[in-house]
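Below: one structure, written as structure tokens.
Naming convention: chains lettered A, B, ... in sequence-line order (proteins, then strands); numbering from 1 in each chain. Please read all numbers here as calculations on a predicted model, not as lab measurements.
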There are 2 protein chains.
Amino acid sequence: MLKDIIDNNENYQPGLSIDCVIFGFHDNQLKVLLIKVERANKWSLPGGFIPVDQDIDTAAITVLNSRTGVDGVFLRQFATFGKVDRNKQHFDKKTLEYLKIEEAKGKWLMRRFVTIGYYALVDFSKILPNPANRHEIVEWIDHKEVPELILDHREILDKALDTLRIELNLMPIGYNLLPEKFTIPELQKLYETILDKKLDRRNFLRKITNIGILTKLDEKKSNVAHKAPNLYSFDKEKYDEVLKNGLNQGW
Amino acid sequence: MLKDIIDNNENYQPGLSIDCVIFGFHDNQLKVLLIKVERANKWSLPGGFIPVDQDIDTAAITVLNSRTGVDGVFLRQFATFGKVDRNKQHFDKKTLEYLKIEEAKGKWLMRRFVTIGYYALVDFSKILPNPANRHEIVEWIDHKEVPELILDHREILDKALDTLRIELNLMPIGYNLLPEKFTIPELQKLYETILDKKLDRRNFLRKITNIGILTKLDEKKSNVAHKAPNLYSFDKEKYDEVLKNGLNQGW
DNA sequence: TCATTAATGTGTTATTATGACGCAATGTAC
DNA sequence: GTACATTGCGTCATAATAACACATTAATGA
């Protein structure tokens with residue numbers, strides 16, 4: 001893996017990487033897919049390098065796909081991070097020794113790196129977190145309980161969430177985060193979780209249905225306490241149309 | 001210049017550049033600062049490389065500052081462009097010969113480049129376009145009359161304008177694009193130019209004043225045909241506050 | 001069985017924001 | 001002076017939003 005890349009580092013863009021913030025939604029919680037390598041004591045965002053013969057968007061899809069197995073999902077570039085010392089001393093001599101990387105080749109890793117941030121929205125239920133190898137742990141972690149991350153990954157994660165919050169006002173969200181059939185309260189919880197604030201049930205219903213991207217199904221959710229809520233699905237055609245044109249016109 | 005960078009290319013991030021879309025406003029037109037080198041037949045965005053010991057934001061400021069002489073202006077990263085072939089065959093052998101760059105060193109330039117896009121809003125009246133050398137032309141060009149650009153610079157420019165249009169709905173714009181004292185009709189023209197659509201005079205006044213970022217001055221614009229419009233200035237404190245918190249809450 | 005409870009579904013009202021205008025005021029040009 | 005273009009201020013109908021009341025539903029347990 002990493003060693004293969006180092007050994008063939010001329011096939012990759014030097015000093016440039018990709019990090020993905022992969023969001024999922026489960027148990028009314030916003031989850032983030034994080035990775036921990038055996039030896040490390042901190043978690044990190046799934047990332048990767050950019051083959052010289054691949055578009056950066058393609059490289060991002062590869063990163064996402066290798067960890068989640070899904071493709072065709074919502075994936076968007078949101079920012080590029082390039083503080084001078086952002087990866088200072090990340091790969092020290094000891095780590096290189098441990099990874100059995102020659103010092104000469106290790107220099108490729110030790111140089112200053114700029115990273116391009118992407119965020120993805122995926123259907124939690126369809127994902128089986130997929131470790132790249134047996135030395136790696138991949139896990140969904142509640143975004144409110146994210147532990148200390150390596151480098152500036154915390155900053156990257158925060159910026160991704162900020163972007164998602166802003167984009168919530170510009171486009172519909174949910175198609176990639178919820179199962180095919182869902183209830184309005186579930187969709188509302190998703191919005192509330194992302195925005196980290198309570199919304200009025202009745203006003204939410206009116207606003208979300210007025211957008212015209214929902215199809216009310218002739219079916220109720222089963223096995224629930226209390227009144228069974230109606231099931232809905234997204235009208236993909238209208239959803240994509242709104243995605244393209246945006247929600248609010250503003251001026 | 002370029003030759004100095006190539007000769008000391010180990011001091012710069014390889015395969016990574018910065019391009020700036022610098023917007024100004026003059027004669028009720030949105031202008032873009034473009035560059036043409038003597039030998040080239042196409043215009044390009046002002047750009048530069050990233051010293052290994054500089055944050056990318058700092059490098060962007062350097063690019064902007066070197067062409068316009070101003071600093072402390074609005075400068076924002078908006079996207080990173082990394083199609084595989086975006087700079088394919090941009091520097092060919094002939095060009096390298098012309099620039100008196102040895103073939104070995106020229107390889108640094110010929111590799112695949114990813115570029116980070118920044119856009120800036122500057123006060124047209126305060127800027128003296130500043131060529132980096134005598135082989136270079138720097139000019140303000142009406143955004144509606146931008147000629148063919150090199151590489152994917154057209155795409156970069158379009159994306160910058162798209163971003164600006166979206167951000168117009170999220171934050172106040174004008175502080176960096178207009179002189180200190182301005183009239184409401186001038187501000188409206190700015191909005192209309194950016195959005196490329198007509199706005200109702202009276203509704204615009206109401207909406208823009210309701211934001212609470214304008215100070216009505218006890219002064220009218222002089223030397224104008226017809227009724228003299230009142231002068232306004234931005235209340236910087238409130239302006240910055242709204243900039244930070246955003247305009248629309250949406251949900 | 002049936003009241004309790006905690007959800008969902010639907011509707012109402014007051015307030016605010018928006019879009020589409022009317023009209024008077026101002027200052028230049030003739 | 002009058003014509004004219006532009007600014008400044010206001011009105012009105014409509015739409016969007018926030019706050020809230022009440023009926024409905026289904027599981028629970030006395």
Side-chain angles (χ1 to χ4, degrees), chain A residues 27-28 168-172 174 178-179 181-193 195-233 242 245-251, chain B residues 27-28 168-172 174 178-179 181-193 195-233 242 245-251:
Chain A
D27 278 345
N28 289 335
L168 208 58
N169 294 321
L170 304 175
M171 62 189 195
L178 292 173
K181 296 174 182 181
F182 55 90
T183 67
I184 298 290
E186 279 166 3
L187 183 57
Q188 182 179 339
K189 292 271 166 44
L190 171 61
Y191 272 69
E192 290 180 337
T193 306
L195 296 170
D196 197 24
K197 78 174 173 195
K198 277 266 163 212
L199 301 173
D200 184 274
R201 242 172 5 98
R202 297 147 287 190
N203 294 334
F204 180 81
L205 172 67
R206 181 159 35 88
K207 213 172 161 182
I208 204 80
T209 49
N210 274 345
I211 297 174
I213 52 173
L214 294 178
T215 307
K216 188 172 184 173
L217 303 175
D218 194 18
E219 197 177 346
K220 287 178 191 302
K221 195 172 174 84
S222 51
N223 293 324
V224 287
H226 315 300
K227 179 171 181 176
N230 217 299
L231 284 170
Y232 286 77
S233 69
V242 178
N245 300 328
L247 280 175
N248 300 339
Q249 301 297 9
W251 298 93
Chain B
D27 278 346
N28 289 335
L168 207 59
N169 293 323
L170 303 175
M171 62 187 197
L178 293 173
K181 297 174 181 180
F182 55 89
T183 68
I184 298 289
E186 280 167 1
L187 184 57
Q188 182 179 340
K189 293 272 168 42
L190 171 61
Y191 272 70
E192 289 180 339
T193 306
L195 296 170
D196 197 26
K197 76 175 173 194
K198 276 268 165 208
L199 300 173
D200 184 275
R201 241 170 10 94
R202 297 148 284 191
N203 294 335
F204 180 80
L205 173 66
R206 187 182 41 194
K207 213 171 161 184
I208 204 81
T209 49
N210 274 345
I211 298 173
I213 54 172
L214 295 178
T215 307
K216 188 173 184 174
L217 302 175
D218 193 19
E219 198 177 344
K220 286 179 191 305
K221 193 171 176 89
S222 51
N223 294 324
V224 287
H226 316 300
K227 179 170 180 177
N230 216 299
L231 284 170
Y232 286 77
S233 68
V242 178
N245 299 329
L247 279 176
N248 300 341
Q249 301 297 9
W251 298 91

field: Shortest side-chain distance from N203(B), nucleotide among dA5(D), dG19(C), dG8(D)
entry: dG19(C)
message: Taking donor-acceptor contacts at under 3.5 Å, does the side chain of R202(B) reach the base of dG8(D)?
response: no
Donor-acceptor contact below 3.5 Å, side chain E219(B) vs main chain N230(B): no
message: Can you work out whether N248(B) or N230(A) has the more 5'-proximal nearest nucleotide on DNA chain C?
response: N230(A)
message: Judged by each residue's nearest nucleotide on DNA chain D, which is more toward the 5′ side, V224(A) or I184(B)?
response: I184(B)
query: In terms of ring plane angle, is the pair F204(A) and W251(B) parallel, tilted or perpendicular, where the classes change at 30° and 60°?
result: tilted
- request: Specify the closest pair of heavy atoms between A228(A) and K220(A), including all atoms of both residues, with the distance to one decimal.
  value: O-CD, 3.9 Å
query: Quick one: does P229(B)'s side chain get under 4.5 Å of I184(B)'s, heavy atoms only?
result: no
- prompt: So does K227(B) reach the base of dT6(D) with its side chain, donor to acceptor, closer than 3.5 Å?
  reply: no
- line: Here the distance between atom P of dA7(C) and atom CG of N28(A), to the nearest Å, is 12 Å
Residues within residues 206-222 of chain B bordering DNA chain C, heavy-atom distance below 4.0 Å: R206(B), K207(B)
- request: Send over the distance from N223(B) CG to dA29(C) C1', rounded to a whole Å.
  value: 15 Å
message: How many whole angstroms separate atom CD of Q188(B) from atom C1' of dT7(D)?
response: 11 Å
message: Nearest whole Å is fine: how far is dT18(C) C1' from L205(B) CG?
response: 14 Å
field: Nearest-nucleotide comparison on DNA chain D, the residue closer to the 5′ end among H226(A) and D200(A)
entry: D200(A)
query: If we only count heavy atoms from C-beta on, is the K221(A) to E186(A) side-chain gap below 4.5 Å?
result: yes
query: How many Å lie between CZ on F182(A) and P on dT8(C), as a whole number?
result: 15 Å
message: Whole angstroms only, please: what is the CZ-P distance between F204(B) and dT6(D)?
response: 17 Å
- prompt: At their closest point, which heavy atom of K227(B) faces which heavy atom of V224(B), and how far apart are they?
  reply: O-CG2, 4.4 Å
statement: N169(A) CG to dA16(D) P, in whole Å, measures 16 Å
K198(B) with E192(B): basic N within carboxylate O range, under 4.0 Å: yes
task: Return the value, rounded to whole Å, for the distance between atom CZ of R201(B) and atom P of dT11(D).
output: 16 Å
